[in-house]
Structures are given as C-alpha cells and as structure tokens.
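Below is one structure, written out as structure tokens; comments come after it.
From a predicted model like this one, the values you see are computed outputs, not experimental measurements.
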Amino acid sequence: LPTPRRPIMSRLRSGRPALSPEFEAVVAKAVRNIVHFTHPDGETVLFGDSGTGELRNTLESFAAEDPVFLYVSSRGARGVPPAETSLALHKTGFFMMRSGWGTERPFADETFLIADFSPWGKAHQHEDFLSFELSAGGFRWFTDLGTFSYDRDDPWRNYVTSPLAHNIVVPF
C-alpha cells in the first residue's frame, strides 16, 4: 500500500500538532483493511452491529488521499486497486476473497465472500460465528442483518443477534 504523503491525522487536523505515531499506525491499518470489508456495490459488510453505508462514507476524512481507499470507494474510477484479492486477518478472525477489483470486468460484477471466524467479544456480540456474506454478478446473495436495537428486552434484537438471523455454516 502506498504511504500517504503526510500522516493521516495530520491531514485531518491541519494546523494542529499530529497525534502519536501509534495512533497514526492504527488509523493507517484501519484504512488499509476497510477496503476489504466492502461489497462490489460499494456497501460495507454488516457483521455484528455495523450499519449500512457506502465505503466512501467510512473513514473518508482519514483516507481521502489514500490511492487504494480512493480506488475502492470510487468503485474503480480513481486511484490504485489493492494488490491482493484475498486477505486473512487471523487475529480478528475475518477472511475475505474476491474475484478482482474491476480491472477485468465491471467493478459491481465482481464476486466477494467474507467469513467471520472471530472470537466471542465483550460488546455488541452477535451469535454469528461461522457466518458469511456473499456478492456475485451484481447481486447480494447472502447478507447479514447488521444493527437493530440495543434494547436487550426487545424480541427483535434477540432475534437479530441470534444464529437464526445469520448465514451460519453449521458443521456436522
């Protein structure tokens, strides 16, 4: 991934002191990885309590000048495509694969699969271990329900966070 000319937070906070190099590294890693959490239609995946939204609205203030972020958020109109079509984030448990980045076929027609093998969390937890999302040929074939309500007494919240509401691979 090409390194931006100036640190991400420095661009965001121009005229103010830059934040710590550690924080800059975390944001740069988030920008580098978020493009892989995007369906070919430009929407980010809905695992856990994430909400719907296009990639260009996610981290844009941090990554507007990043050529890879620009490419994916513009669906191939500007910038540089990511070097890899598959990514395994072992520590988080997310694994993504795609047929390409719109260089050999229309961006929206690419096939995209993401699987969630993440460990049980402490907050916003859904019972979605082994769930996945799939887009292919311009359609979303399997998707997650994403966020709903944070009221634990709401029966719909209980359903949305349950295994019944997720695309779960059930091992036999």
_ILVMFWY network linking Val26 to Phe94, side-chain heavy atoms under 4.5 angstrom_ = no
*Specify the closest pair of heavy atoms between Asp109 and Arg105, including all atoms of both residues, with the distance to one decimal.*
O-CD, 4.1 Å
*Identify the heavy atoms of Thr85 and Gly100 that sit nearest to each other, and give their distance.*
CG2-CA, 4.0 Å
*asked:* List the residues meeting side-chain contact (heavy atoms from CB on, under 4.5 Å) with Leu87, not counting sequence neighbours, and say none if there are none.
replied: Asn33, His36, Leu89, Met96
_To check you understand the geometry: which heavy-atom pair defines the closest contact between Val72 and Phe107, and what is its length?_
O-CZ, 4.1 Å
*Under 3.5 Å: donor-acceptor pair, side chain of Arg98, backbone of Pro40*: no
*Atom CZ of Phe69 and atom OG1 of Thr38: how far apart are they, to the nearest 0.5 Å?*
8.0 Å
*asked:* Please report the interatomic distance CD1(Ile34) to OG(Ser73), rounded to the nearest 0.5 Å.
replied: 11.5 Å
*Is the side chain of Trp101 donor-acceptor paired with the backbone N or O of Ala83 at a distance under 3.5 Å, no angle test?*
no
_Residues forming a side-chain contact (heavy atoms from CB on, under 4.5 Å) with Ala25, sequence neighbours excluded_ = none
*With sequence neighbours left out, what residues match Thr103 under side-chain contact (heavy atoms from CB on, under 4.5 Å)?*
Tyr71, Pro81
*Of all residues at least two apart in sequence or in a different chain, which pass the side-chain contact (heavy atoms from CB on, under 4.5 Å) check with Ala136?*
Thr111, Trp141
*Mind checking side chain to side chain donor-acceptor pair (under 3.5 Å) for Ser99 and listing every partner two or more places apart, or none if nothing turns up?*
Glu110
